[in-house]
There are 2 protein chains.
Amino acid sequence: MGSNRRDDLGAYVRNPESFPKDVIYQNEEFVAIRDKFPKSSLHLLLLPRDRIKMRKHPFEAFKDAEFLEKVKVEAGKLQKLAASELRRMYGKDSAQEKVRQAALDAHPPPDELPAGRDWVKEIKCGVHAVPSMNDLHIHVIAVDHYSERMKHRKHYNSFATPFFVPLEDFPLKSDDSRWHPEREGYLRRDLVCWRCGRNFGNSFEKLKTHLWKEFGEWKKI
Amino acid sequence: MGSNRRDDLGAYVRNPESFPKDVIYQNEEFVAIRDKFPKSSLHLLLLPRDRIKMRKHPFEAFKDAEFLEKVKVEAGKLQKLAASELRRMYGKDSAQEKVRQAALDAHPPPDELPAGRDWVKEIKCGVHAVPSMNDLHIHVIAVDHYSERMKHRKHYNSFATPFFVPLEDFPLKSDDSRWHPEREGYLRRDLVCWRCGRNFGNSFEKLKTHLWKEFGEWKKI
DNA sequence: TATTCCGATAGTGAC
DNA sequence: GTCACTATCGGAATGAG
Ligand SMILES: Nc1ncnc2c1ncn2[C@@H]1O[C@H](COP(=O)(O)O)[C@@H](O)[C@H]1O
Ligand SMILES: Nc1ncnc2c1ncn2[C@@H]1O[C@H](COP(=O)(O)O)[C@@H](O)[C@H]1O
Ligand SMILES: [Zn+2]
Ligand SMILES: [Zn+2]
């Protein structure tokens with residue numbers, strides 16, 4: 001009966017104060033944490049605390065429209081928080097941020113302040129069509145996939161194919177092919193760069209090297 | 001432009017006396033040797049010595065009916081010789097041979113002596129649809145595929161699929177699919193036990209373990 | 001052809 | 001499609017004078 005790692009996320013929900021380094025915030029309905037094995041340079045998880053819902057498959061849990069709406073709202077908040085963190089991390093490298101900073105530093109500053117980079121766009125929120133961890137969790141993750149912990153094809157394709165289902169796509173229509181992800185073989189697909197579309201076939205290490213280069217350019221936008 | 005290993009069989013033909021351990025016999029037209037990397041417990045090669053023919057692809061060389069006939073005759077001789085060797089190797093394990101031996105030892109011996117095992121049936125003669133070694137050679141090989149040198153799928157499938165073309169199938173008809181072996185993907189096929197037909201998919205090591213068991217039973221027939 | 005190197009793939013066990 | 005460990009599988013390069 002197995003207590004194995006697949007149930008480890010439950011501990012954050014039951015006992016968030018035991019993980020001060022990992023828990024970003026908590027409230028009555030959610031706990032937000034840092035993913036322990038991040039698949040991008042920033043990777044957070046939103047964990048609903050409802051005892052019933054948290055043991056359901058996300059597709060099942062999100063059939064409850066009211067619950068789905070609460071999750072979307074909370075994920076939106078966490079996404080903004082994550083965007084702020086991206087700004088702190090990469091703002092100094094970003095061309096768009098430099099333009100804004102230059103305007104701020106100008107004497108006198110211009111009437112219209114450039115907006116700076118929209119980091120929210122660089123973060124995706126969603127679930128895996130077949131989660132491996134048993135407790136309901138929503139990924140809030142930067143698009144870069146620049147991480148040493150991203151170690152194989154399934155790691156990558158679980159975020160880079162329709163296997164990753166964005167929160168905004170819920171509720172799924174009844175004919176959506178993502179209801180039957182195994183048939184679709186999403187995780188077996190060729191490895192394709194999320195940024196330039198280059199196809200790396202089965203060559204994970206080559207993709208990873210390439211993603212390192214893409215990361216260097218992406219943070220500088 | 002190369003002198004590489006693919007030409008190594010030529011040395012046996014040009015200079016058979018240099019390989020006394022490997023050469024089984026020689027005459028004006030052929031040299032018979034032991035395969036240096038045997039893919040069965042007994043694996044011989046018949047090498048035609050004709051300077052022109054020996055540099056041709058077997059399908060091309062065998063278009064010459066007279067030559068083909070000579071090869072068939074010589075291969076038949078070598079096959080019988082190999083059968084004798086199999087009898088020496090496994091006769092003591094063979095049930096059919098034991099019956100014959102018991103009859104021989106009886107007092108008085110019966111009028112009809114049991115034939116003993118037909119070892120010729122356990123030896124196949126033929127060529128690979130796409131040989132890797134450049135000098136013409138005909139495999140004379142026991143069916144067992146019990147050998148440490150059989151190390152990967154292509155080794156096995158080159159003898160266990162239509163990639164192996166028995167001598168008796170020549171001349172090939174013009175519509176024979178073996179004229180175009182690449183298209184057929186013979187070497188990529190699932191691994192299937194020659195004896196019981198069990199399918200091992202891509203699991204070469206599991207097949208090999210199984211072949212060890214089959215060998216133990218096969219020699220006892 | 002064989003050998004070697006490296007990387008991709010597949011199965012397992014985890015309390 | 002948890003991670004971590006192992007064994008196996010698979011392609012690519014090599015080679016010679
Ligand atoms: N103990 C853990 N603490 C935090 N995150 C984890 C832990 N174990 C696994 N994860 C993450 O949980 C996520 C599960 O993803 P999935 O079940 O495929 O939707 C992965 O991103 C893992 O990196
Ligand atoms: N130097 C060698 N001496 C004897 N046999 C060899 C040598 N090199 C390779 N072989 C065998 O030659 C055969 C070539 O098979 P193929 O070219 O695929 O028909 C294989 O069975 C090898 O084991
Ligand atoms: Zn790219
Ligand atoms: Zn079998």
Side-chain angles (χ1 to χ4, degrees), chain A residues 1-12 33 35-39 43 45 47 57-59 126-137 139 147-165 178 180-191 200-209, chain B residues 1-12 33 35-39 43 45 47 127-128 130-137 139 147-159 163 185 187-188 190-191 200-209:
Chain A
M1 284 219 141
S3 123
N4 62 21
R5 298 177 220 222
R6 292 183 144 86
D7 292 313
D8 284 357
L9 296 182
Y12 297 101
I33 65 168
D35 193 294
K36 193 174 178 184
F37 306 95
K39 306 307 187 293
H43 187 175
L45 298 176
L47 310 176
H57 186 286
F59 291 11
V127 297
H128 283 162
V130 183
S132 286
M133 298 301 271
N134 292 326
D135 297 298
L136 183 57
H137 53 283
H139 296 273
S147 169
E148 287 293 355
R149 310 313 294 253
M150 207 213 20
K151 293 185 174 178
H152 53 67
R153 169 200 222 119
K154 287 178 179 182
H155 280 157
Y156 185 72
N157 276 347
S158 75
F159 290 102
T161 69
F163 191 91
F164 182 82
V165 187
R178 291 170 292 186
H180 304 290
E182 328 73 33
R183 293 182 197 159
E184 302 292 331
Y186 297 127
L187 300 177
R188 304 269 186 172
R189 285 190 180 176
D190 281 3
L191 295 161
F200 289 83
N202 301 333
S203 300
F204 181 80
E205 288 303 319
K206 292 202 174 80
L207 167 70
K208 206 162 160 179
T209 299
Chain B
M1 274 243 123
S3 118
N4 61 22
R5 290 173 253 222
R6 291 182 146 87
D7 292 313
D8 284 357
L9 296 183
Y12 298 101
I33 65 168
D35 193 294
K36 193 175 178 183
F37 306 96
K39 307 306 188 294
H43 187 176
L45 298 176
L47 310 176
V127 298
H128 283 161
V130 183
S132 289
M133 298 302 271
N134 292 327
D135 297 299
L136 184 57
H137 54 282
H139 296 273
S147 169
E148 288 293 354
R149 307 316 292 253
M150 212 223 6
K151 293 186 173 177
H152 53 66
R153 175 205 216 109
K154 286 181 180 177
H155 281 156
Y156 184 73
N157 276 346
S158 74
F159 290 101
F163 191 90
L187 300 179
R188 303 269 187 174
D190 281 3
L191 295 161
F200 290 83
N202 301 332
S203 299
F204 181 80
E205 288 300 322
K206 291 202 173 79
L207 167 70
K208 207 162 161 179
T209 299

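This one's a predicted model, so the numbers in the text were calculated from it and none came from an experiment. Just so we're on the same page: letters track the sequence lines, and every chain starts at 1.
Closest to the side chain of Arg153(A), from the set dA14(C), dG10(D), dT9(C), is dT9(C). The side chain of Ser203(B) sits closest to dC9(D) out of dT9(C), dC9(D), dA14(C). When the nucleotides dA4(D), dT8(D), dA8(C) are ranked by their closest atom to the side chain of Arg5(A), dA4(D) comes out on top. Listed nucleotides dA8(C), dA14(C), dA2(C) differ in distance to Asn4(A); the shortest reach to its side chain belongs to dA14(C). When distances are taken from the side chain of Glu205(B) to each of dT9(C), dC3(D), dT8(D), the shortest belongs to dT8(D). With distances taken from any side-chain atom of Lys151(A) to the nucleotides dT8(D), dA8(C), dA4(D), the minimum falls on dA4(D).
For the OP1/OP2 pair of dC9(D) and a distance below 4.0 Å, the side-chain nitrogens and oxygens of Lys208(B) include no atom meeting the criterion. Listed pair Arg188(B) / dC9(D) fails the phosphate criterion, with no side-chain N or O lying under 4.0 Å from OP1 or OP2.
Taking the ring centroids of Phe159(B) and His43(B), they lie under the 6.0 Å cut-off. A ring-centre distance under 6.0 Å is not found for His155(B) and Phe37(B).
Figure legend. dC15(C) is base-paired to no nucleotide; pairs are counted as Watson-Crick or G-U wobble with both atom distances under 3.5 Å.
Only the P atoms considered, dA16(D) is 16 Å distant from dC5(C), to the nearest whole Å.
Aromatic ring pairs are classed by plane angle as parallel below 30°, tilted from 30° to 60° and perpendicular above 60°; the pair His128(A) and Phe163(A) is tilted.
From Leu187(B), atom CG reaches atom CG of Asn157(B) across 6.5 Å, with rounding to the nearest 0.5 Å.
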